[in-house]
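These notes concern the structure reproduced below.
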Protein chains: 2
Amino acid sequence: MPRSKGKKSSAPVTIHDVAERAGVAISSISRVLSGHPDVSERMRIKVQRAADELGYEPDFFAQSLRSGATKTIGFIMRDISNPFFGVIAQCCEQELRKAGYSMLLMNSDGDVATESTNIAQLRRRKIDGLIASLVSEDIPELNSTLEKLNAPVVLLDREVVGLNSSAILANHHQGVEDATSDLISRGHKRIAFISGSTRVYTTRDRLKGFKSAFKKAGVAYPTELVSLGKFDAEFGESETKRLFTLKDRPTALLSGGIGSTAGAMRGLKKLGLVPGKDLAFVAIDEWPMFDVYGQQFSSVYRDAAMIGREAAAALLEMISGGSPRTIMVETHYIVRESSTGGLKAKKK
Amino acid sequence: MPRSKGKKSSAPVTIHDVAERAGVAISSISRVLSGHPDVSERMRIKVQRAADELGYEPDFFAQSLRSGATKTIGFIMRDISNPFFGVIAQCCEQELRKAGYSMLLMNSDGDVATESTNIAQLRRRKIDGLIASLVSEDIPELNSTLEKLNAPVVLLDREVVGLNSSAILANHHQGVEDATSDLISRGHKRIAFISGSTRVYTTRDRLKGFKSAFKKAGVAYPTELVSLGKFDAEFGESETKRLFTLKDRPTALLSGGIGSTAGAMRGLKKLGLVPGKDLAFVAIDEWPMFDVYGQQFSSVYRDAAMIGREAAAALLEMISGGSPRTIMVETHYIVRESSTGGLKAKKK
DNA sequence: ATCGTTTCTGGAAACGTTTCTATTTTATGC
DNA sequence: GCATAAAATAGAAACGTTTCCAGAAACGAT
């Protein structure tokens, strides 16, 4: 029993105390404080003063238990230390806070079981809504798990069939196609592509853009240079090493997502290959500071802050009765120094 | 009384339903499920089965209201999108989750008023503990605000006098002194130093190391090159521009913290100055990817993951009755490419 | 058998709100 | 003034648990 008694004032003042002080019924206190219309001015003043004098603060749990609303939103991501997700989380929290909601943060650690445990935990806590970037889209029981939450859901960059939720999707294929086309037009044919599992929209949509660029250019699609598996840096690094030690090695690389990019850069460094010189390199999603580091990285950019804000807005909308909707966020190919190189003094 | 009217799937199953199903009293259900010792084996099995069959999940709010424990920890930071804080948050959440706690995340946006509102919100939610990186240490009412929380507190890199809390402090002065000494030994005398307000431990301890290096080397301390104000990138950028356009401009720069470093790098870029060449540059705290970017930045390093884990551990310890303690985390000067340069072909 | 002790169980009182219902007061129209 | 409606208030019943208390059953020991 952690009962730290500071001075002696640790008397938790309840609605009873206020009622007694003001000399009115408990129900009147509640009515005044929750802004019920049928309250006389005299009562309002009397209650307000008693509450102020006692420094009354309604007990959150009692309110939630009775009313059902928890003013709490669950937020599940693979890994909040990922700076891209960090920005989303920050903007989301700011918006939700403005609307009077608090955010319960949980990392799924990229693990399906952990994610499911987290959702169960959130259900017990009767959250008013959930924003999540799921590990995978086709987990058995996923739909029923989310439906049992009995709260509106906003998914980030995920398409779950048959689920009545909102979604914030990025238009990855456009940016990736632009980037790939640019590389092809510079003379690249052997372009490597590393990203996460095709079990999520993110990868599938990027792949669509990648393939489409080859098709439009009439260049053979280099199946053997496409490596799709996981989003983490370890995978990115090992695959980069594997691909760039092939006999006929790629001349360019697209890395899909923050983790892949980190791994790719580490892998290249260990191989002694310099982006923009020994190969052309485009990162999908930007690391913070991409704009100021000594070396300039090209990227397929999307606005994390906007994604966070849109997610919060969509969720709040659903909480107040609106219907689910899908929001598409654009991506943009940003050309920088690293888009050059990789071709033996042929061009430029 | 819509009790056993289980056609609709959204029937929230309560302890009553389980009691009815098992044919025992409500109190027995509670006893079995909370592992009370005085329960017969027969009862345990009967209740367990009934609960499983109905898929019973205790209501979190009812439990908290009655028992007082919320299994919830508050986590307040200036800005969760700061990758350094992101890592702390991630590790913290993982540890807390293992212990059965959930984490309520709030950004203070670097604003005292927002921070205070957040703390009030957390008090109403009766959190079991708080981990916070406060905006400032000497806010009036801060102590009483935190004491009114009536829950153990762990502060990150802050010293609040008279508050009975744990603290995770970094030994900044050691790392900063090492870095500064190295720069001095390379021939630098005019070393600029940009960091946040001296109203927090972080800055004061860094400054201590900075001054100490000059004293030990017997070199005059360059007061006019020290700029302490805010941790954000805007401040870092404008101060960098100001200092490096002085008539007698600095030959080296230390930037204090993630934000300052971002600002400093932007400022230098706009001035056309290259770290490691036109000036020597040491960042305090590392940006992710410092190890792989084209340009190699020196740093004063501290382990964010460890800070997160230690914070969680210290808090859990206090929750279970332990006393507050202060943990000192070491910092290390890591020399890379950017420690060179800035001296006109004098050395090296 | 009787009498303590344990061990186990059921009933009911909290926890601090909101909300429903019933009652009293006030205002309104004629 | 008087009926009638409307507004304001009090009282009490939830919400779903945990926990206290008292009693019942079980068990040895006399």
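Bear in mind that the values here come from a model prediction, so they are computed numbers and not experimental data. By convention in this document, chain letters (A, B, ...) are assigned in the order of the sequence lines, proteins followed by strands, and residues within each chain are numbered from 1.
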Q | 5'-most by nearest nucleotide on DNA chain C - B:K126 or B:G23 | A | B:G23
For [X] and [N], what is the distance between atoms [atom1] and [atom2] respectively, to the nearest whole Å?
| X | N | atom1 | atom2 | value |
| --- | --- | --- | --- | --- |
| B:I45 | C:dC8 | CD1 | P | 13 Å |
| A:R44 | D:dA7 | CZ | P | 14 Å |
| B:R125 | C:dG16 | CZ | C1' | 16 Å |
| B:L33 | D:dG16 | CG | P | 16 Å |
| B:D59 | C:dC15 | CG | P | 18 Å |
| B:I26 | D:dG16 | CD1 | C1' | 9 Å |
| B:E41 | C:dC8 | CD | P | 10 Å |
| B:Q63 | C:dA14 | CD | P | 21 Å |

Does a side chain donor of either [X] or [Y] reach within less than 3.5 Å of an acceptor in the other side chain?
| X | Y | result |
| --- | --- | --- |
| B:N107 | A:Q94 | no |
| A:S116 | A:N118 | no |
| A:T114 | A:D109 | no |

Q: Using a strict 4.0 Å threshold on nitrogen-to-oxygen distance, state whether A:E317 and A:R325 make a salt bridge.
A: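 The answer is yes: the pair qualifies as a salt bridge.
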Where the side chain of [X] is defined as all heavy atoms beyond and including C-beta, which of [options] is the nearest nucleotide?
| X | options | answer |
| --- | --- | --- |
| B:S28 | C:dT9, C:dG16, D:dT17 | C:dT9 |
| A:P58 | C:dT9, C:dT17, D:dG16 | C:dT17 |
| B:R31 | D:dC21, C:dT17, D:dG16 | D:dC21 |
| A:A25 | D:dC15, D:dA10, C:dT17 | D:dA10 |
| A:M43 | C:dG16, D:dA10, D:dT18 | D:dA10 |

Q) Is A:R125 positioned over the aromatic face of B:F60, cation under 6.0 angstrom from the ring centre and no more than 45 degrees off axis? A)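 Checked: cation-pi criterion met.
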Is [X] side chain donor-acceptor paired with the [N] base, going by distance under 3.5 Å alone?
| X | N | result |
| --- | --- | --- |
| A:R42 | D:dA8 | no |
| B:S27 | C:dG10 | yes |
| B:R66 | D:dT18 | yes |

Q: Could you tell me whether the phosphate oxygens of D:dT17, OP1 or OP2, come under 4.0 Å of any side-chain nitrogen or oxygen in B:S64?
A: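 Answer no for this pair, as no side-chain N or O of B:S64 is under 4.0 Å from OP1 or OP2.
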Q: Examine C:dC15: is either OP1 or OP2 under 4.0 Å from a nitrogen or oxygen in the side chain of B:S67? Give yes or no.
A: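 It does not, given that no N or O in the side chain of B:S67 lies less than 4.0 Å from OP1 or OP2 of C:dC15.
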For [X], report the nucleic acid contact type (base, sugar-phosphate, nothing); a contact means any heavy atom under 4.0 Å.
| X | value |
| --- | --- |
| A:S30 | base |
| B:D38 | base |
| B:F60 | nothing |

Q | Most 5' of A:P37 and B:F61 on DNA chain D, judged by nearest nucleotide | A | A:P37
Q.
Restricting to ring-ring contact (aromatic ring centres under 6.0 Å, His included), what partner residues turn up for A:F61, sequence neighbours left out?
A. B:F61
